[in-house]
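Lettering of chains follows the sequences in order, A, B, ..., and the numbering in each one begins at 1.
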There are 2 protein chains.
Amino acid sequence: MRLKEKHEITEVAEALSHFEGFLRRRGFKVTRTRLLIAERALSMPGHFSAIELWGALRDRGTSVATVYRTLDLLAEAGLVRRCTLAGTSGAIYESCLGRRRPHGHLVCRNCGRAIEFKSQGLETELQRIAEAQSFCLEEAVIQGIGLCSRCRKALS
Amino acid sequence: MRLKEKHEITEVAEALSHFEGFLRRRGFKVTRTRLLIAERALSMPGHFSAIELWGALRDRGTSVATVYRTLDLLAEAGLVRRCTLAGTSGAIYESCLGRRRPHGHLVCRNCGRAIEFKSQGLETELQRIAEAQSFCLEEAVIQGIGLCSRCRKALS
DNA sequence: GTGAGTGCAAATGCTTTGCATGATG
DNA sequence: CATCATGCAAAGCATTTGCACTCAC
């Protein structure tokens, strides 16, 4: 546990300096607000919405607008991914730290949680299908909607 | 062509009476407006948004609210499917008539068109993954995002 | 100091809801 | 003729934008 935490802290720190480098390279300014938002975003457990991240920053007087703007930058820097879970309105984000790519999501329509799974095989097959149509595949979205084991029991 | 058209018209007519039966069975009223919206929705080519369908009904003084309400009913009756294409905001609908299930979508991020493909194999595999997590899979969303062959050429 | 970044509030786009009126069973 | 369905306008929600002010460079 102790080690895990330490490891995570290091990862976030590394990612933050990567982000700083990204900002400088692109001529963006390295501001306190951007680093703060980045740090909280990268420390969020699992998936989160822009609004949830904003909630975690309420105490610092940050505005939603800036949260959205910074999430865009983080996505461009490759530190965060924006995804749309089917059946929901609004985007959710996930930190790219310590996440195996590629992966898909099993989304529970009851509790809303998303379970990740490896999707290498599925993506390879999708790639094959795309090629057959000369479609240039850039990203794959593979999701299952239904009930997670917990809700399945709870509802029966 | 002649035959195809005739065939489609019959299909729509069949679907409409299915819808009427659905309404009666559920104690909903069979109104002129509902049948009109249903008829246009089932005749829409390819995918369409609620707003597009509304546009196709402008001349009849229908309100958006009713379009949305009726689309919900059509979805419940199994005549239309609501889906969210990744990378886009807002839902799109597709008539279930003459559509092979299951299928996935290749969504062009340039022109926005969605190309359908058979996804039987992919869904079976997803089902296997879900079972391994005791997740009860109800629906699969399999999408590829990228450039269709036309836009690929146009942009190069 | 100057231009980019920020917070705020207002605008947007899609979707839903409340309510008075009108049509259906 | 009692309800349920409809149109309208207003509300809701996530996201974006315009603008004056502030900060990093």
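Rounded to an integer number of Å, the gap from CZ of Phe28(A) to P of dG3(C) is 17 Å. Between the CZ atom of Arg24(B) and the P atom of dG25(C) there is a distance of 7 Å, given to the nearest Å. For the pair Leu71(A) CG and dT16(D) C1', the interatomic distance rounds to 14 Å; values are reported in whole Å. As a whole-Å value, the separation of Arg34(A) CZ from dC23(D) P is 15 Å. Computed from coordinates, the Leu53(A) CG to dA14(D) P distance equals 14 Å when rounded to whole Å. Atom CG in Leu36(B) sits roughly 14 Å away from atom C1' in dG7(D) (whole-Å rounding). Between the P atom of dC13(D) and the CD atom of Glu52(A) lies a distance of 15 Å, rounded to the nearest Å. Between the C1' atom of dC8(C) and the CZ atom of Arg60(A) lies a distance of 19 Å, rounded to the nearest Å.
Under a 3.5 Å cut-off, the side chain of Gln143(B) and the backbone N or O of Thr84(B) do form a donor-acceptor pair. Remark: the backbone N or O of Val107(A) is not paired with any side-chain donor or acceptor of Arg113(A) at under 3.5 angstrom. Here the side chain of Thr88(B) pairs a donor or acceptor atom with the backbone of Leu85(B) at under 3.5 angstrom. Between the Trp54(B) side chain and the Thr62(B) main chain, a donor and an acceptor come within less than 3.5 Å of each other.
A side-chain donor-acceptor contact under 3.5 Å links Glu131(A) and Gln127(A). Side-chain contact of Glu94(B) with His103(B): a donor-acceptor pair under 3.5 Å is present, judged by distance alone.
The rotation axes computed at either terminus of the helix from dG1(C)-dC25(D) to dG25(C)-dC1(D) lie 20° apart, taking five pairs at each end and rounding to 10 degrees.
Closest approach of Phe117(A) to Leu126(B), counting heavy atoms only: CZ-CD1, 3.4 Å.
The residues Glu76(A) and Arg82(A) are annotated as not salt-bridged, no charged nitrogen and carboxylate oxygen being separated by less than 4.0 angstrom.
Among the protein residues, Gly61(B) comes within range of the sugar-phosphate backbone only, with heavy atoms under 4.0 Å from sugar or phosphate atoms but none that close to a base.
Screening residues 32-58 of chain B for salt bridge (Lys or Arg N to Asp or Glu O under 4.0 Å), with sequence neighbours left out, gives Arg40(B)-Asp59(B).
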- Query: With the sugar-phosphate defined as primed atoms, P, OP1 and OP2, and the base as all remaining atoms, what B/S/- string results for nucleotides 11-23 of chain C, 5' to 3', for protein heavy atoms under 4.0 Å?
  - Reply: ---SBBBB-----
